[in-house]
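Here the structure comes first, spelled out in structure tokens, and everything after it is commentary.
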Amino acid sequence: MQSFCGTDCCSKCSRLAECGGCKNVKGHPFGGNCIAAECIEQKGEKGFLRFKKCLISEINALGIKGLEVRDLNLLNGDFVNLEYPLANGQTVKLLKDNNVYLGNQIEVSGKERCYGVVADKKYILVCEYGCNGADPEIIMYKKRESYINF
């Protein structure tokens, strides 16, 4: 097992050769931060599970129609950091490619689109996109009110 936090996410990571595993980099893959390693280091595995449960409740309480999160997975930032078009014609990325986040993809009922949910201890991002991340739209990006209780 190469993971620092015990989740063994390293064995599923397509960038393992680049990073060398979380144990080698002490929970800072690709020079960034991993939400799981950070939480487990501070609060233990049970604390991480409580954090996930709290975050799921927080996301579900946002009141976004058709969005119900049942679980969150560890996701590399470079995989979920989409470029969002702005009204002025520019694009913006809201995440860091080198961080590992908690997130999930949920199909939008009645559409050929999905919600993408990505979060860490400070922010929650909910977006909507088509196949393979096409035509992404920001639904909500907010600072978490309870992040201090990480």
Side-chain angles (χ1 to χ4, degrees), residues 3-16 18-19 22 27-43 45-150:
S3 70
F4 177 75
C5 64
T7 63
D8 202 24
C9 59
C10 293
S11 66
K12 300 170 189 154
C13 180
S14 63
R15 296 178 63 197
L16 178 60
E18 267 180 76
C19 170
C22 290
H28 295 279
F30 322 109
N33 294 312
C34 173
I35 188 66
E38 190 174 347
C39 188
I40 289 171
E41 184 176 50
Q42 292 177 18
K43 305 282 186 176
E45 189 174 346
K46 287 182 181 179
F48 174 63
L49 295 175
R50 280 191 306 271
F51 174 73
K52 267 181 66 169
K53 185 177 179 180
C54 176
L55 190 54
I56 289 168
S57 294
E58 202 174 321
I59 293 166
N60 288 334
L62 294 172
I64 297 172
K65 185 179 177 182
L67 177 63
E68 183 182 348
V69 176
R70 292 192 178 109
D71 196 13
L72 295 169
N73 307 299
L74 292 171
L75 302 169
N76 286 333
D78 72 327
F79 181 69
V80 295
N81 197 10
L82 303 176
E83 287 191 27
Y84 300 96
L86 300 176
N88 65 4
Q90 295 180 327
T91 60
V92 65
K93 285 186 167 193
L94 299 173
L95 305 174
K96 294 181 180 179
D97 286 346
N98 290 339
N99 283 357
V100 177
Y101 297 90
L102 282 168
N104 209 335
Q105 175 176 287
I106 295 93
E107 290 184 22
V108 178
S109 181
K111 293 184 177 181
E112 291 190 22
R113 293 180 64 78
C114 293
Y115 285 124
V117 178
V118 181
D120 62 13
K121 67 181 182 179
K122 292 185 179 180
Y123 296 96
I124 297 173
L125 168 64
V126 179
C127 65
E128 186 179 304
Y129 50 81
C131 187
N132 295 318
D135 303 316
E137 297 175 32
I138 299 168
I139 302 298
M140 189 234 30
Y141 182 62
K142 75 174 253 170
K143 188 173 187 174
R144 295 185 61 227
E145 294 175 22
S146 61
Y147 82 89
I148 296 170
N149 298 325
F150 177 70

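This is a predicted model, so every value here is computed, not measured.
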Exercise for review: Answer yes or no: does atom CG of Asn132 have more than 12 heavy-atom neighbours from other residues, nucleotides or ligands under 6.0 Å?
Suggested key: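 At most 12 heavy atoms, drawn from other residues, nucleotides or ligands, come within 6.0 Å of this atom.
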Please confirm whether the backbone N or O of [Y] pairs with a side-chain atom of [X], one donor and one acceptor, at under 3.5 Å?
{"X": "Asn104", "Y": "Val117", "result": "no"}
{"X": "Asn98", "Y": "Gly31", "result": "no"}
{"X": "Tyr141", "Y": "Cys127", "result": "no"}
{"X": "Asn76", "Y": "Phe79", "result": "no"}
{"X": "Lys52", "Y": "Leu72", "result": "yes"}

Point to revise | Those residues that, when tested against Lys111, pass salt bridge (charged side-chain N to carboxylate O under 4.0 Å, His left out) (two or more places apart) | key: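 Partners of Lys111 under the salt bridge (charged side-chain N to carboxylate O under 4.0 Å, His left out) test: Glu128.
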Check your understanding: Residues in salt bridge (charged side-chain N to carboxylate O under 4.0 Å, His left out) with Glu112, at least two apart?
Key ->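 Applying salt bridge (charged side-chain N to carboxylate O under 4.0 Å, His left out) to Glu112 gives none.
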Review point. Passes side chain to side chain contact (heavy atoms under 4.5 Å, CB included), Leu102 versus Leu74? Steps please.
Key: CA-CA 5 Å; Leu102 282 168; Leu74 292 171; 3.7 Å; yes
Looking only at heavy atoms, which two atoms of [X] and [Y] are closest? And how far apart?
{"X": "Tyr123", "Y": "Lys143", "value": "CD2-CA, 3.7 Å"}
{"X": "Pro136", "Y": "Pro85", "value": "O-CD, 3.4 Å"}
{"X": "Arg144", "Y": "Lys121", "value": "NH1-O, 3.1 Å"}

Rounded to the nearest 0.5 Å, how far apart are [atom1] of [X] and [atom2] of [Y]?
{"X": "Asn60", "Y": "Arg70", "atom1": "CG", "atom2": "CZ", "value": "9.0 Å"}
{"X": "Glu41", "Y": "Phe48", "atom1": "CD", "atom2": "CZ", "value": "13.5 Å"}
{"X": "Gln42", "Y": "Phe51", "atom1": "CD", "atom2": "CZ", "value": "10.0 Å"}

Can you find a pair of side-chain heavy atoms, one from [X] and one from [Y], that are under 4.5 Å apart?
{"X": "Asn99", "Y": "Leu95", "result": "no"}
{"X": "Thr91", "Y": "Leu86", "result": "no"}
{"X": "Ile35", "Y": "Asn33", "result": "no"}
{"X": "Lys142", "Y": "Leu125", "result": "no"}
{"X": "Asp135", "Y": "Arg113", "result": "yes"}
{"X": "Leu67", "Y": "Ile139", "result": "no"}

Review point. Do Tyr84 and Leu82 pass the side chain to side chain contact (heavy atoms under 4.5 Å, CB included) test, and can you show the C-alpha distance, the side-chain angles, and the key distance before you say yes or no?
Key: CA-CA 6 Å; Tyr84 300 96; Leu82 303 176; 3.9 Å; yes
Exercise for review: Kindly indicate, with the supporting measurements, whether the criterion side chain to side chain contact (heavy atoms under 4.5 Å, CB included) is fulfilled by Val126 and Ile64.
Suggested key: CA-CA 9 Å; Val126 179; Ile64 297 172; 3.8 Å; yes
Review point. Could you give all pairs that pass the salt bridge (charged side-chain N to carboxylate O under 4.0 Å, His left out) test and reach residues 97-108, with sequence neighbours left out?
Key: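 Checked against salt bridge (charged side-chain N to carboxylate O under 4.0 Å, His left out) - neighbours excluded - the pairs reaching residues 97-108 are Lys93-Asp97.
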Review point. Under the side chain to side chain contact (heavy atoms under 4.5 Å, CB included) criterion, do Ile124 and Leu55 qualify, and how do the steps go?
Key: CA-CA 9 Å; Ile124 297 173; Leu55 190 54; 4.1 Å; yes
